[in-house]
Amino acid sequence: MHLHNTLSGRKEEFVPLNPERVTMYVCGPTVYSFAHIGNARPAVVFDVLARVLRRRYPRVDYTRNITDIDDKINAAAAKEGVEIGVITRRYTDIYHEDLDALGVQRPTFEPKVTEHLAHIISMIERLIANGSAYAAQGHVLFNVPSYAGYGELSKRDRREMIAGARVEVAPYKKDPSDFVLWKPSTDEQPGWPSPWGRGRPGWHIECSAMAEALLGDTIDIHGGGHDLVFPHHENERAQSTAAHEGATFARYWLHNGFLTMDSEKMSKSLGNVLLIREILKHAPGEAVRLALLTGHYRQPLDWNDEALADARRKLDRLYGALRDAGDVAASDAKAPDAFIAALEDDINTPAALAELFELAKALNKSTDAAERATLVAQLRDAGSVLGLLQQPPGEWFSQSTGSAGEGPSEAEIEAALAARLAAKAARNFAEADRIRDDLKARGVLVEDSKDGQRWRRA
RNA sequence: GGCUCGAUGGCAGAGUGGUGAUGCAGGGGACUGCAAAUCCCCGUACCUCGGUUCAAUUCCGGGUCGAGCCUCCA
């Protein structure tokens, strides 16, 4: 298996530190608002990676945190006049619902910052004790010059970063690039007791502490969106390495490319976000998932209606092959080697998808029962690695386009089809075609197959 | 300004130093009462200018254009 490592800038062979326990950490959401489709990309991509790893290794400990201490959460809570827990519980639940709809499996561990404060504090104490951090005016800061490797991950020179910095340097910093590990809270702000007074942790230390608590000093894979490379992951790396006396923090760094809207980054601050739940009102979750996997995970992906419609048509073809295969004998055939090889080559989902279509074509052509049974099993097994093709074909074709529910009821459709069948039997093709056109106008496509009429929603 | 990454046929999107993935759209044919679905056939695509090479879309350098980071952000 090969993975592109941001640290080295190249594709490397993946060799876990301990093949009996592969460890992976992916930065999860800060739960202060709804998740948008851009947030869904890393969740789906690393879900696929976890599935691929689990085929190969007996145990994969996948941690994806929930950041439930953050100033944006404080702001949202203050605005509503509620405790932060009200906000974080609400949006954690929504995040789970959205990802469930996209077929994203839950990670092995899903730690919350509020459950790891003791660990965060102990890690900060260790950093102070070994000279990597210092307390100043109620803050604790990580001293960046104390870590020689700073900038290696994001390939940045510290001098240039300071020169290009757009923020004012706080007076208590020893070095302009030092960043906060702990900051004081006012009486109105949420805060927790610490050796440096009542306060709250900085963003970066949270992930370092949770990774250490659940996965140990060195983890195999660390993932996240490309925008996290700097400063978040650079800082995590500095803290964790310093806290662990130089031990490697993450052996492989993976970063997914961005989702754009009309070729511009989608972000809450730009205000051009498309919420996952809005999309799900008009499209099946499986199509959204496939749309997110049509491009390679490291490439930018432009999100638009056409991309989503394209994904639906692809699923129509794939599910169509399964439907036409009808009832076949059970087979325990697994995904073909070429399919797995594509995914093990830096998660090449487009190449893997191409293999899926080859299987569908072979299935459509095959007239041999045993061969068809094998192909159906291969298609479904391969689909399961991508988190696709797991529902009965009939359900795919009869589902409405989204959670909103549209079009005529199944009873109405069945009644119309019965009338059409009678018209056809009487060779009244004009009436039969009128019924078909009428249904089409209402979003239902009728097809005549060798097994009789069948329908699907457009 | 500094750094990172891209530029493939109508669209999406892999990949490769020399036999043009895959899907959608489109054209032709088979099948069909007509369609749809399915199958068969059809596209001489690799931003630009140099260089290396017997051979470059693929490697190297310049340019142009695009995205991202340098500030919270997947």
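Numbers restart at 1 for each chain; the letters A, B, ... are given by sequence-line order, proteins then strands.
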S.K.: Just the rounded figure in Å: distance from P of B/A74 to CG of A/L49.
M.R.: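 These atoms are roughly 20 Å apart.
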
S.K.: Between B/A25 and B/U32, how far is it from one C1' atom to the other, in whole Å?
M.R.: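 Each nucleotide's C1' atom is 23 Å from the other's.
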
S.K.: For nucleotides 21-25 of chain B, list the nitrogen or oxygen atoms of the protein found under 3.5 Å from its nitrogen or oxygen atoms, one pair per line.
M.R.:
unit_1, atom_1, unit_2, atom_2, d
B/C24, O2', A/R313, NE, 3.1
B/C24, O2', A/R313, NH2, 3.2

S.K.: Check the distance between B/C72's C1' and A/K183's NZ and give it to me in whole angstrom.
M.R.: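 Interatomic distance, NZ of A/K183 to C1' of B/C72: 10 Å.
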
S.K.: What residue pairs, at least two apart or across chains, pass salt bridge (charged side-chain N to carboxylate O under 4.0 Å, His left out) with a residue in residues 377-392 of chain A?
M.R.: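 Sorted pair list: A/R55-A/D381.
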
S.K.: Could you measure between the two C1' atoms, the one in B/G17 and the one in B/G66, and give it in whole Å?
M.R.: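 Nearest-Å result for B/G17 against B/G66 at atom C1': 27 Å.
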
S.K.: Rounding to an integer number of Å, can you tell me how far A/I276 CD1 sits from B/A74 C1'?
M.R.: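 From A/I276 CD1 to B/A74 C1': 10 Å.
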
S.K.: Can you tell me if the side-chain N/O atoms of A/N364 get under 4.0 Å from OP1 or OP2 in B/A37?
M.R.: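 For B/A37, neither OP1 nor OP2 has a side-chain N or O of A/N364 closer than 4.0 Å.
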
S.K.: For RNA chain B, please output the secondary structure as dot-bracket, reading 5' to 3'. Pairs are Watson-Crick or G-U wobble, both atom distances under 3.5 Å; mark crossing pairs with [ ], other-strand partners with |, unpaired with a dot.
M.R.: (((((((..(((.....[...))).(((((.......)))))....(((((..]....))))))))))))....

S.K.: So, using side chain to side chain donor-acceptor pair (under 3.5 Å) as the criterion, who are the partners of A/E371 when residues are at least two apart?
M.R.: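 Partners of A/E371 under the side chain to side chain donor-acceptor pair (under 3.5 Å) test: A/S366.
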
S.K.: With sequence neighbours left out, what residues match A/R298 under side chain to side chain donor-acceptor pair (under 3.5 Å)?
M.R.: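 Result, side chain to side chain donor-acceptor pair (under 3.5 Å) vs A/R298: A/H4.
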
S.K.: Test of understanding: with salt bridge (Lys or Arg N to Asp or Glu O under 4.0 Å), list the residues that count as partners of A/D324, not counting sequence neighbours.
M.R.: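 Scan of A/D324 (salt bridge (Lys or Arg N to Asp or Glu O under 4.0 Å), adjacent residues dropped) gives A/R454.
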
S.K.: Just how far, in rounded Å, is P of B/A7 from CZ of A/R298?
M.R.: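 So the two atoms are 11 Å apart, to the nearest Å.
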
S.K.: Between the side chains of A/D220 and A/Y25, does any donor sit under 3.5 Å from an acceptor?
M.R.: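 A/Y25 and A/D220 do not have a side-chain donor-acceptor pair below 3.5 Å.
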
S.K.: Not counting sequence neighbours, which residues clear side chain to side chain donor-acceptor pair (under 3.5 Å) with A/D178? List them please.
M.R.: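 For A/D178 the side chain to side chain donor-acceptor pair (under 3.5 Å) partners, ignoring immediate neighbours, are A/Y134, A/N143.
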
S.K.: Could you pull out all residues at least two apart from A/Y172 that satisfy ring-ring contact (aromatic ring centres under 6.0 Å, His included)?
M.R.: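 Partners of A/Y172 under the ring-ring contact (aromatic ring centres under 6.0 Å, His included) test: A/H139.
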
S.K.: Do any pairs count as a salt bridge (charged side-chain N to carboxylate O under 4.0 Å, His left out) and have a residue in residues 355-368 of chain A, sequence neighbours left out, and if so which ones?
M.R.: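 Passing the test, one end in residues 355-368 of chain A: no pairs.
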
S.K.: Taking atom C1' in both B/U53 and B/G61, compute the distance separating them and give it to the nearest angstrom.
M.R.: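 Their C1' atoms lie roughly 16 Å apart.
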
S.K.: Determine the Euclidean distance between corresponding P atoms of B/U38 and B/G23; express it in Å to zero decimal places.
M.R.: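 It works out to 11 Å between them.
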
S.K.: How long is the line joining NE2 of A/H36 and P of B/C72, in whole Å?
M.R.: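 Atom NE2 in A/H36 sits about 16 Å away from atom P in B/C72.
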
S.K.: Checking A/T6 now: which residues fulfil side chain to side chain donor-acceptor pair (under 3.5 Å) with it, not counting sequence neighbours?
M.R.: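 Testing A/T6 for side chain to side chain donor-acceptor pair (under 3.5 Å), a comparison that skips the adjacent residues, returns A/H255.
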
S.K.: For atom C1', what is the distance between B/A35 and B/C31, given to the nearest Å?
M.R.: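 So the two C1' atoms sit 12 Å from each other.
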
S.K.: Could you state the CG-P distance from A/L259 to B/G13, rounded to the nearest angstrom?
M.R.: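 Rounded to the whole Å, the gap is 11 Å.
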
S.K.: Mind checking the C1' distance from B/G26 to B/C11? Whole angstroms is fine.
M.R.: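 It works out to 11 Å between them.
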
S.K.: Mind running a 4.0 Å heavy-atom check of residues 428-445 of chain A against RNA chain B and sending the residues that fall below it, in number order?
M.R.: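 Going residue by residue through residues 428-445 of chain A, the ones with a heavy atom under 4.0 Å of RNA chain B turn out to be A/F429, A/D433, A/R436.
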
S.K.: Write out all pairs satisfying side-chain hydrogen bond (donor to acceptor under 3.5 Å, both in side chains) with one or both partners inside residues 334-344 of chain A, taking only residues at least two apart or from two chains.
M.R.: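 Only A/R56-A/E344 qualify under side-chain hydrogen bond (donor to acceptor under 3.5 Å, both in side chains).
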
S.K.: Would you name the heavy atoms of A/A432 and A/K424 that are closest together and state the gap between them?
M.R.: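 Looks like CB-CG, 3.7 Å.
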
S.K.: Quick one: A/H204 NE2 to B/C72 P, roughly how many Å, whole number?
M.R.: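 One finds 6 Å between P of B/C72 and NE2 of A/H204, rounded.
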
S.K.: Does any N or O donor sit under 3.5 Å from an N or O acceptor when you compare the side chain of A/D448 with the base of B/C34?
M.R.: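 Answer is yes: a donor-acceptor pair is held.
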
S.K.: Using the C1' atom as the point on both nucleotides, what is the distance between B/C42 and B/C3, in whole Å?
M.R.: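 It comes out at 47 Å once rounded to the nearest Å.
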
S.K.: Just how far, in rounded Å, is P of B/G68 from CG of A/D302?
M.R.: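 So the two atoms are 11 Å apart, to the nearest Å.
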
S.K.: Between B/C54 and B/A21, how far apart are the two C1' atoms, rounded to whole Å?
M.R.: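 After rounding to an integer number of Å, I get 28 Å for this pair.
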
S.K.: Check A/E412 against A/P408 and note the closest heavy-atom contact, atom names and distance.
M.R.: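 Scanning both residues completely, I find the closest heavy atoms to be OE2-CA, 3.6 Å.
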
